[in-house]
Amino acid sequence: MDVMGDKATLFTTGRFVQSPGEGPARDEMGDMGDAAEELRLRLAAGTGDTEAMSVLGAMLLRRGDLDAAEPHLRAATAAGDRAAANNLGVLLHQRGYAEEAAGWWRIAAVAGSAAAAHALGRHHRERGDEPAAEYWLRQSAEQGHALGAYALADLLEHRGDTEAGDWMRAAAERGHREAAYRLARALDRRAAEEEAAGADNAVEETEQWYRQAAARGHRRAALHLGAILEKRGDLKEAGRWYLTSAKDGEARAACALGFLLRDAGDTESAAVWWLRAAQDGDGNAANALGALHAERGETQTAERWYRAALDAGDDNGAYNLGLLCAEQGRTAQAEQWYRRAAYAGHREAANALAILLLQGDDPAGAEPWFSKAAEAGSVDAAFNLGILYAGRSTEEDAGAALRWYERAAAAGHTEAALQVGIARLREGDEQGAERHLRCAAGGGNPEAAYRLATLLDARRPPEPAHELGEIVHEKTECEEWYERAASQGHRRAQVRVGMLAAARGDVVEAARWYRAAAEAGSRNGAFNLGLLLAREGSEPEAAVWWTRAADAGHGRAALRLALVYARRGELAEGQRWADRAVELGPAEVAQRAGRLRDALREELSA
């Protein structure tokens, strides 16, 4: 037999295509659909033109006219055309004659057809003959055939062969979209592992392969590309890829697009895409719809969507049902749903269940669920375990509480960082305390900001004097932390900021902070505001604030009131406040108030 020339190759399926290295794809001429061209081919085939018979057979095969294609392909194959032999194999495979098809593929493959070698390799793999499959797929791949490279990579990956990655990359580089997607997924997983180990990742290369696959119509690649772009902040382009993927039927992309639209403020459009995704079985979208209706007060509709999420296998549905029931006071049902989600491994549901049990005075039942949630990575559960242990009296429990607080603090829990800071202060570890208090204060915790300020305040040297003896005041870091805590409503910080303002002569600023603290219930704020008002000549208003402070248990305020009423000549009222000051103390105040009381008593009895 003469050496076969590869005259035409079938492009109608994803399996049997010609590689770029095999010469011009003759069957592409059939895409013209031109009747004149077909007539020309028929006339040429009638004269025995092998090339014309091969191309005409490929054209008819792609059209689905197997009966008309077969005689032309057989004639061209008999004349030594390897492309016709390959396409004849395809035709017979479509008719169900797999073994006969394999015979023709073998003839074409031996003659050098990469497409036929790929088809023959697939044929052997489908029959479980992996050695033969690998041989022919390797022949195809080494000739530069993209499908052959991909099929070989898939076979080797199935066997755990490290060579699989090289062939997957080769297939991707030759334009195979599924290979590009799978290569991107492998790089994505490797990047996640390397990131967890503190190493650099290959995000750019991963994005490149997702982009290549997505550009060729791979909907899952478009989804992952959208996720990468969204994470990077390229929301507009991310939305375009999500939209492309969603229109192709990818429910997860429709769901992601919904969240993107919601964050942009377009809730109505978001709901449309969530609905589409939820109807396609996406549990996350069903949960999002449930949350949307819950926010609108449509609890029955919300519950229906949460149940739909649960039916789709999303455990968040059970958790959200628990939250919904808890908000409505249906505690027993909330516990039931929390348990269902917690047993499925939902860590926040386990934490919520533990809180519910704790509220029901069942700390023994709550503890194992807190532990389970904390071990699964719930930061709130770790903090709650710290609270649970801290409420017990033994030294061992105190140590356990601190360990859980430290674990939660390391994960960014500001309240836990505050508790660790307080514990370090008790131990005398100022540096450790400062580190944790800074974390908590930086996270917005006002108590931590106040405690950090007091720690820094204790270290502050005296303010430097100007050369002429005037005090030069520059705002220190501790004052900044006091002010941050004060602006967040921390009463003791407000009092302290007021005192610092008064010390530098800013009476208006001092009064503002004292008043804010006093109105929030601070007795020290009320007392200091009274002092400020009295110094400014507003003793009647000062007495109002001292009364508020004294009623809240401030001994010095009671003594001030006793002096005010004594000066006014209201001796009985003065004696009453002196008695109150003696009761409240402290010792110095009690002594002074006692002397004043005795003097008023003598005056009254005179």
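Quick caveat: nothing in here was measured; it's all calculated off a predicted structure.
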Determine the interplanar angle of the Tyr405 and Phe383 rings, folded into 0 to 90°, and report it as parallel if under 30°, tilted if 30 to 60°, perpendicular if over 60°.
-> tilted

Can you find a pair of side-chain heavy atoms, one from Trp273 and one from Cys255, that are under 4.5 Å apart?
-> no

Provide the closest heavy-atom pair for Ala101 versus His93 in the form atom of the first, atom of the second, distance.
-> CB-N, 3.7 Å

Between Arg252 and Tyr242, does a side-chain contact (heavy atoms from CB on, under 4.5 Å) hold up when you go through it step by step?
-> CA-CA 9 Å; Arg252 289 175 297 169; Tyr242 283 148; over 6 Å; no

When the ring planes of His224 and Tyr210 are compared, do they come out parallel, tilted or perpendicular, using 30° and 60° as the limits?
-> parallel

Mind running side-chain contact (heavy atoms from CB on, under 4.5 Å) on Arg125 and Asp154 for me, showing each step along the way?
-> CA-CA 11 Å; Arg125 186 176 183 189; Asp154 187 66; 2.6 Å; yes

Should Leu229 and Arg211 count as side-chain neighbours, where that means a heavy-atom distance under 4.5 Å?
-> yes

Measure from the side-chain N and O atoms of Ser140 to the backbone N and O of Ala114, and report whether any donor-acceptor pair falls under 3.5 Å.
-> yes

Short question: side chain of Arg340, backbone of Ala318 - any donor-acceptor pair under 3.5 Å?
-> no

Nearest heavy-atom contact between Leu260 and Glu230 is CD1-OE2, 3.5 Å

Could you give me the CA-CA distance, side-chain angles and deciding distance for Asn287 and Asn320, then say whether side chain to side chain donor-acceptor pair (under 3.5 Å) is met?
-> CA-CA 8 Å; Asn287 273 314; Asn320 288 331; 2.9 Å; yes

Does any non-hydrogen side-chain atom of Leu321 lie less than 4.5 Å from one of Gln336?
-> no

Plane angle bin for Tyr181 and His218 - parallel if under 30°, tilted between 30 and 60°, otherwise perpendicular = parallel

Look at the rings of Tyr319 and Tyr338 and say which category their plane angle falls in: under 30° parallel, 30 to 60° tilted, over 60° perpendicular.
-> tilted

Are any of the side-chain heavy atoms of Glu134 and Leu156 separated by less than 4.5 Å?
-> yes

Looking only at heavy atoms, what is the nearest atom pair of Ala117 and Gln139, with distance?
-> CB-CB, 4.3 Å

Do Arg174 and Tyr150 have side-chain N/O donor and acceptor atoms under 3.5 Å apart?
-> no

Look up atom CG in Asn351 and atom CH2 in Trp369, then write down how far apart they are to the nearest 0.5 Å.
-> 12.0 Å

Validation row, ring centre Trp136 to ring centre His123 under 6.0 Å = no

Okay, side chain of Asp234, backbone of Glu237: is any donor-acceptor separation there less than 3.5 Å?
-> no

Before giving the answer on side-chain contact (heavy atoms from CB on, under 4.5 Å), spell out for Gln300 and Arg304 the whole-Å C-alpha distance, their side-chain angles and the decisive distance to 0.1 Å.
-> CA-CA 6 Å; Gln300 288 185 339; Arg304 179 168 61 83; over 6 Å; no

Mind checking side-chain hydrogen bond (donor to acceptor under 3.5 Å, both in side chains) for Arg42 and listing every partner two or more places apart, or none if nothing turns up?
-> Glu38

Residues in salt bridge (charged side-chain N to carboxylate O under 4.0 Å, His left out) with Glu178, at least two apart?
-> Arg220

Please step through side-chain contact (heavy atoms from CB on, under 4.5 Å) for the pair Leu60 and Glu70, ending with a clear verdict.
-> CA-CA 9 Å; Leu60 294 168; Glu70 185 171 350; over 6 Å; no

